Structure formats: C-alpha cells, structure tokens
Novice: 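Right, I'll just put the structure down here and ask away after.
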Amino acid sequence: MKKSISGRRPWLASALAVALAAAALRRWQLSTAFDWLGLAVPGAQSSVILVCLLLMAGAWFVILAVYQPVSKRPWSAGQAHRWDLVFLDSGDLVYPVLVVAAAFLAAASIPMLLPMGLDQWQTYQAAVKAHLQPPSNNGVLTLATAVGALLAFLGLLQMGRDGLHPGRRGKGGFSAALPGVAGCVWLMESFRAHAADPVLWDYTPLLLAIACGMLFYMDFAGMSAGAARPRRLLWMAAMAAALSAVALVTAWMEGSWADVLLLLSQTIAAAAVLWRLPPNLENPPKLNGTPLPADGGEASIQEETTHE
C-alpha cells in the first residue's frame with residue numbers, strides 16, 4: 001500500500017497544488033487585469049504570472065512523466081502490453097467511485113442545457129416566422145451539448161463499472177471515447193457562445209480546458225484500446241485538472257452552471273486516472289494473485305473473475 005501511495009503522490013500533489021494556485025491567480029486576474037470597459041489590460045501582472053505558472057506546470061508534468069516508472073514485463077511473451085487491463089483492479093474502490101461521480105456530474109448538466117437549447121430554438125423559429133432578424137444562436141449546438149453530456153455520462157458510467165467489476169473489457173475503448181466525442185461538441189458550443197467577445201482572456205481558459213479534457217479522454221480511450229501512451233495520458237490528466245480549475249473560476253462567477261458541472265466532471269475523471277494509473281504502471285494489478293493476461297482473451301479474464 002505504501003508503494004502504491006508513493007507512486008501516485010507526486011501526480012496528485014502536483015496537480016492539486018497547480019489547480020489551487022491557478023484558480024487563485026485567475027480570481028486575481030478577473031479582479032485586476034480588466035479595465036472598466038471589460039477589456040484586458042496589456043501586461044497585467046496577474047495575467048503574466050498565471051501564464052508562467054501554467055507553462056512551468058506543463059514542464060513539471062513533463063518531467064514527472066519522463067521519470068514515471070513503467071513495468072517492462074509483458075503479460076504474455078510476444079504480445080503487446082494489454083494497457084486496458086491497467087485500469088482493472090478489483091481491490092481499489094477509489095477509481096470507480098470517482099469515475100461514477102464524474103458521470104453523474106456530467107448528467108446533472110443535461111437538465112440545464114436542454115431547456116436552454118429548446119428556448120433558443122423556439123426564439124429563433126419565432127423570429128424566422130415573424131420575418132425578423134433571427135438571433136445568431138438557434139440552439140442546435142446547445143442541444144447537441146446536452147446529448148454529448150448524456151454520452152459522457154454513459155461512457156464514464158461504463159468506465160466506472162469496468163473498474164469496479166474487472167472482466168469483460170472489449171468495449172472499454174469505445175466507452176472511454178464517448179466523453180471525448182462530447183468534448184468536441186462542447187468545444188464548438190463554447191467557442192460559438194464566446195467568439196464575439198472582444199476580451200480574449202474571458203473565454204480562452206475555457207476553450208483550453210475543454211480541448212485538453214477532450215484530448216485526455218481520447219488518450220484514455222487509446223489506453224483502453226491497446227494504443228497506449230501512458231506517460232502522455234498522465235500529462236494530459238494533470239494539465240486537464242489544472243486548466244479546468246482556471247476555467248471553473250470564470251464559469252462559477254458568471255453563473256454558467258452547466259459549464260461548472262462539466263468542468264468538475266472532467267476534473268474528477270482526471271483525478272481518477274492520476275490515482276489509478278501510476279501505481280498500476282509500476283506493478284500491474286493481479287486477480288487472485290495471478291497477473292492479468294495479455295493475449296487479449298476476454299474469456300481468460302472472465303474465467304478468473306468468475307472464480308472469485
């Protein structure tokens with residue numbers, strides 16, 4: 001247990017420290033780096049420090065990733081590592097609990113996004129019927145974001161189930177990709193909603209957070225599908241948590257609760273990966289004291305779990 005804790009401690013401690021510092025700097029920036037018209041003040045101290053912090057954090061996470069121990073022992077001679085099995089560990093409940101919590105946070109945004117999208121659609125249609133200038137937003141992307149949140153919920157829920165009940169993992173890559181697909185739609189909606197804003201720093205942190213979260217989920221799907229980049233996945237998870245903390249401050253202050261819930265969802269999912277992945281890269285999990293197989297046989301995995 002001590003070894004497991006020591007393996008994940010640098011990632012969790014660093015990500016938490018950077019997230020808290022970045023959130024505090026973002027709060028300072030919002031209160032000091034914009035003039036009375038809401039335009040950004042060039043060279044504002046808070047903006048410079050925040051950018052420097054994120055750049056240094058990215059460099060630090062690269063160092064952690066480079067020196068992250070990874071077991072060189074394949075689970076089967078002549079076969080590639082079955083990286084999807086790294087997330088199967090029946091003795092650890094923290095990962096599935098965190099991922100399921102992230103799933104329900106994503107689902108909680110749906111009741112906010114659906115009425116908003118429907119109202120925008122009805123307003124747009126009313127303007128068209130009245131031969132008036134229609135609003136720029138017809139609500140389609142907002143509704144698509146709600147559908148994406150549902151997909152994220154389903155994918156995260158399946159990922160949590162896989163981590164809680166190891167066994168059939170054949171669709172793991174597909175499940176992990178669903179939140180990434182949802183992130184694509186969320187990114188388009190966020191850009192559409194903020195693109196006309198003349199204050200670049202008002203929406204850049206949100207777009208960066210969504211883009212990094214989307215890439216994080218895609219790398220997670222790659223792990224589950226056998227196209228593994230474990231060190232890059234750890235870097236993406238840590239940066240997603242840090243950038244999400246910056247965007248969370250703005251979303252909270254603006255009362256954009258759907259964004260708050262979605263950002264919290266991807267932050268908790270990133271924390272789950274930072275909890276589970278580092279120790280399991282060093283020491284692959286075992287079921288009934290037997291190393292997990294690597295020859296791809298779902299039947300062999302299922303066979304071990306059914307004998308528990």
Side-chain angles (χ1 to χ4, degrees), residues 11-62 101-102 105-106 108-109 111-113 116 120 135-137 141-142 145 149 183 186-216 235-271 274:
W11 286 104
L12 290 171
S14 298
L16 178 61
V18 171
L20 292 176
L25 286 171
R26 177 60 172 166
R27 181 66 184 86
W28 179 29
Q29 183 192 44
L30 290 174
S31 61
T32 61
F34 302 99
D35 60 22
W36 63 280
L37 291 174
L39 300 176
V41 176
Q45 188 177 16
S46 55
S47 299
V48 173
I49 295 175
L50 178 57
V51 172
C52 289
L53 172 70
L54 292 176
L55 290 175
M56 289 188 295
W60 172 244
F61 293 142
V62 167
L105 282 170
S109 68
M112 301 177 186
L113 291 167
M116 185 189 309
Q120 292 168 350
S136 59
N137 183 15
L141 277 178
T142 305
T145 305
W186 183 24
L187 184 64
M188 289 188 289
E189 164 57 19
S190 298
F191 180 78
R192 184 216 56 76
H194 297 88
D197 195 329
V199 184
L200 181 64
W201 266 99
D202 258 4
Y203 67 92
T204 298
L206 177 61
L207 299 187
L208 288 175
I210 298 172
C212 190
M214 179 179 65
L215 294 173
F216 152 69
W235 188 90
M236 285 291 182
M239 285 304 296
L243 291 170
S244 295
V246 179
L248 264 170
V249 174
T250 307
W252 184 277
M253 294 182 65
E254 292 179 350
S256 182
W257 304 118
D259 284 337
V260 167
L261 291 169
L262 291 171
L263 287 167
L264 284 174
S265 174
Q266 77 176 24
T267 301
I268 292 176
L274 293 177

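For the single chain, residues carry numbers from 1 onward in sequence order. What you see is a predicted model, and the numbers here were worked out from it, not measured in a lab. All values below were derived from every heavy atom in this structure, side-chain atoms included, with hydrogens, water molecules and symmetry-related copies excluded.
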Novice: Any sub-3.5 Å donor-acceptor pair from Ser265's side-chain atoms to Ala102's backbone N or O?
Specialist: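 It does hold such a pair.
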Novice: How close do Ala106 and Ala149 get, counting heavy atoms only, and between which atoms?
Specialist: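 Heavy atoms of Ala106 and Ala149 come nearest at O-CB, 3.6 Å.
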Novice: From Leu248 CG over to Arg27 CZ, what is the distance, rounded to the nearest 0.5 angstrom?
Specialist: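 Answer for the CG-CZ pair, Leu248 versus Arg27, is 14.0 Å.
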Novice: Distance check, rounded to the nearest 0.5 Å: Phe216 atom CZ versus Thr267 atom OG1?
Specialist: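 Reported value, rounded in 0.5 Å steps: 9.5 Å.
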Novice: Between Ala240 and Cys212, which heavy-atom pair has the shortest distance, and what is it?
Specialist: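 Taking Ala240 first and Cys212 second, the nearest heavy atoms are N-SG, 3.5 Å.
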Novice: Testing the basics here: between Leu274 and Ala15, what is the closest heavy-atom pair and its distance to 0.1 Å?
Specialist: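 In this case the closest contact between Leu274 and Ala15 is CD1-CB, 3.8 Å.
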Novice: Return the CE to OG distance between Met116 and Ser109, rounded to the nearest 0.5 Å.
Specialist: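 Rounded to the nearest 0.5 Å, the CE-OG separation comes to 10.0 Å.
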Novice: Please report the shortest heavy-atom distance between Arg26 and Val249, naming the atom on each side.
Specialist: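 The pair with the smallest heavy-atom distance is CG-CB, 3.9 Å.
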Novice: Who passes side-chain hydrogen bond (donor to acceptor under 3.5 Å, both in side chains) against Trp257, sequence neighbours left out?
Specialist: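 Checked Trp257 against side-chain hydrogen bond (donor to acceptor under 3.5 Å, both in side chains); zero matches.
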Novice: Taking atom types as modelled and ignoring hydrogens, do the side chains of Ser244 and Gln266 form a donor-acceptor contact shorter than 3.5 angstrom?
Specialist: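 Result is yes, a qualifying pair exists.
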Novice: Parallel under 30°, tilted from 30 to 60°, perpendicular over 60°: which one fits the rings of Tyr203 and Phe191?
Specialist: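 Ring orientation of Tyr203 relative to Phe191: perpendicular.
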Novice: Test of understanding: with side-chain contact (heavy atoms from CB on, under 4.5 Å), list the residues that count as partners of Ala108, not counting sequence neighbours.
Specialist: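 With neighbours one apart ignored, the set is Leu261.
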Novice: Could you measure the distance from the CE atom of Met236 to the CG atom of Leu243? Nearest 0.5 Å is fine.
Specialist: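 Here the interatomic distance stands at 10.5 Å.
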Novice: In terms of side-chain heavy atoms, does Trp186 have a donor or acceptor partner in Asp259 at a distance below 3.5 Å?
Specialist: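 Asp259 and Trp186 do have a side-chain donor-acceptor pair below 3.5 Å.
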Novice: Assess the residue pair Thr250 and Leu206 against the criterion (side chain to side chain contact (heavy atoms under 4.5 Å, CB included)); give the C-alpha distance rounded to whole Å, side-chain angles, the decisive distance to 0.1 Å, and a yes or no.
Specialist: CA-CA 8 Å; Thr250 307; Leu206 177 61; over 6 Å; no
Novice: Can you name the nearest heavy-atom pair linking Val260 to Trp252, along with the distance?
Specialist: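 Closest approach of Val260 to Trp252: CG2-N, 3.7 Å.
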Novice: Got a sec, which residues hit side-chain contact (heavy atoms from CB on, under 4.5 Å) with Ile49, two or more places apart in sequence or on another chain?
Specialist: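 Result, side-chain contact (heavy atoms from CB on, under 4.5 Å) vs Ile49: Leu25, Trp28, Gln45.
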Novice: Taking C-beta and beyond as the side chain, do Val51 and Ser47 meet within less than 4.5 Å on heavy atoms?
Specialist: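 No, side chains not in contact.
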Novice: Is Trp11 reaching over with its side chain to a backbone N or O of Ala238, donor-acceptor style, under 3.5 angstrom?
Specialist: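 The answer is no, because no donor-acceptor pair under 3.5 Å joins these two groups.
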Novice: Taking only residues two or more places apart in sequence or in another chain, which ones pass side-chain contact (heavy atoms from CB on, under 4.5 Å) with Ala242?
Specialist: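 Checked Ala242 against side-chain contact (heavy atoms from CB on, under 4.5 Å); matches are Val18.
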Novice: Considering residues at least two apart in sequence or located in another chain, which fulfil the side-chain contact (heavy atoms from CB on, under 4.5 Å) criterion with Ala21?
Specialist: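 Once residues adjacent in sequence are excluded, the partners of Ala21 under the side-chain contact (heavy atoms from CB on, under 4.5 Å) criterion are Leu53.
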Novice: What are the two closest heavy atoms between Pro205 and Ala247, and how far apart are they?
Specialist: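 Taking every non-hydrogen atom into account, O-CB, 3.9 Å.
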Novice: How many angstroms lie between atom OG of Ser190 and atom CG of Leu141, to the nearest 0.5 angstrom?
Specialist: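 With rounding to 0.5 Å, OG (Ser190) is 9.5 Å from CG (Leu141).
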Novice: About how many Å separate CG of Leu54 and CE of Met239, when rounded to the nearest 0.5 Å?
Specialist: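 Rounded to the nearest 0.5 Å, the CE-CG separation comes to 6.0 Å.
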